[in-house]
Trainee: 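Handing you this structure, nothing more for now.
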Amino acid sequence: MADETPTDRASIRLELRGLGLRATAPRVAVLQLLRKKRRPFSHSEVVEALGDDEWDRATIFRNLVKLVSVKLARIASQMGGVTRYEATSSAQDNHLHAHFSCKSCKTVSCLVDTELSLPVDENWRSSFANAEVQVLGVCPDCLAENA
């Protein structure tokens with residue numbers, strides 16, 4: 001995700017309205033969380049991070065789905081049957097990085113600095129551009145805890 005993507009509430013409200021969406025408090029909060037934390041979140045993680053006393057789980061889920069439908073967010077991972085969402089930098093955002101899913105803590109992290117090689121075969125190159133690359137292992141934090 002590009003660094004110029006706004007994370008303040010006022011800019012997010014303007015951006016949502018510019019797309020013809022209502023800039024509701026939960027919608028703004030969900031997008032702000034995804035943009036500020038810059039990692040994929042499951043629905044449950046979003047609810048936990050925002051606190052479930054203000055908005056119900058269904059409201060948060062509907063807003064995640066709406067943000068995906070207008071390409072302000074995308075499904076980053078469905079590892080282990082859990083859908084995780086992350087913000088995109090624009091409606092034209094090309095998602096060209098892999099994700100690391102920790103077997104221990106279940107966190108999914110973006111590997112934005114990891115270079116991925118494209119296949120030489122042009123047919124596969126096109127397919128690869130739209131593929132999700134996910135690595136499963138134990139993250140550095142969990143490795144350090146178990147050392």
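Scope of the values below: all heavy atoms of this structure, side chains included, with no hydrogens, waters or symmetry mates.
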Trainee: Is the shortest side-chain N to carboxylate O distance from R35 to E15 below 4.0 Å?
Mentor: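 The answer is yes: the pair qualifies as a salt bridge.
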
Trainee: What verdict does the side chain to side chain contact (heavy atoms under 4.5 Å, CB included) test give for N63 and T24, after you've listed the backbone C-alpha separation in whole Å, the side-chain angles of each residue and the deciding distance to 0.1 Å?
Mentor: CA-CA 9 Å; N63 280 287; T24 63; 4.1 Å; yes

Trainee: Working to the nearest 0.5 Å, report the span between CG of L21 and CG of L31.
Mentor: 10.0 Å

Trainee: Keeping the roles fixed (side chain from T88, backbone from L72), state whether a donor-acceptor pair exists under 3.5 Å.
Mentor: yes

Trainee: Hydrophobic cluster membership, with links at side-chain heavy-atom distances under 4.5 Å among I/L/V/M/F/W/Y: are L50 and V82 in one?
Mentor: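 Per the 4.5 Å side-chain linkage, L50 and V82 are not co-clustered.
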
Trainee: Minimum heavy-atom separation for L16 to A23, with atom names?
Mentor: CD1-CA, 4.1 Å

Trainee: Enter the distance from W55:CH2 to R62:CZ here, rounded to the nearest 0.5 Å.
Mentor: 13.0 Å

Trainee: What distance do D8 atom CG and R13 atom CZ have between them, rounded to the nearest 0.5 Å?
Mentor: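 If we round to the nearest 0.5 Å, D8:CG and R13:CZ are 9.0 Å apart.
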
Trainee: What's the spacing between C105 SG and E145 CD if we round to 0.5 Å?
Mentor: 8.0 Å

Trainee: Please name the pair of heavy atoms, one in I12 and one in T7, separated by the smallest distance, quoted to 0.1 Å.
Mentor: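 In this case the closest contact between I12 and T7 is CD1-O, 3.7 Å.
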
Trainee: Return the OH to CZ distance between Y85 and R39, rounded to the nearest 0.5 Å.
Mentor: 14.5 Å

Trainee: Quick one, L64 and L34 - any side-chain contact, counting heavy atoms below 4.5 Å?
Mentor: yes

Trainee: Do you know which two heavy atoms are closest between F100 and C139, and how far apart they sit?
Mentor: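 Closest heavy-atom pair between F100 and C139: CE2-N, 3.6 Å.
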
Trainee: Taking atom CD1 of I60 and atom CD of E45, what is their separation to the nearest 0.5 Å?
Mentor: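 Nearest 0.5 Å value for the CD1-CD distance: 13.5 Å.
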
Trainee: Would you sort out whether K103 and L136 count as a side chain to side chain contact (heavy atoms under 4.5 Å, CB included), showing the intermediate values?
Mentor: CA-CA 7 Å; K103 294 188 293 187; L136 181 61; 3.3 Å; yes

Trainee: Check whether any side-chain N or O of R27 sits under 3.5 Å from a backbone N or O of R22 as a donor-acceptor pair, and report yes or no.
Mentor: yes

Trainee: Over all heavy atoms of both residues, which pair between V138 and C102 is shortest? Give the atoms and the distance, please.
Mentor: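 Scanning both residues, the minimum pair turns out to be CA-SG, 4.0 Å.
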
Trainee: What are the two closest heavy atoms between R84 and S42, and how far apart are they?
Mentor: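 Reported closest heavy-atom pair: CG-N, 3.7 Å.
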
Trainee: Between R74 and E86, does any side-chain N to carboxylate O distance fall below 4.0 Å?
Mentor: yes

Trainee: Find out if a path of hydrophobic residues (ILVMFWY) with successive side-chain heavy-atom gaps under 4.5 Å connects L14 to L19.
Mentor: no

Trainee: At their closest point, which heavy atom of S44 faces which heavy atom of R57, and how far apart are they?
Mentor: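 So the minimum-distance heavy-atom pair works out to OG-NH2, 3.1 Å.
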
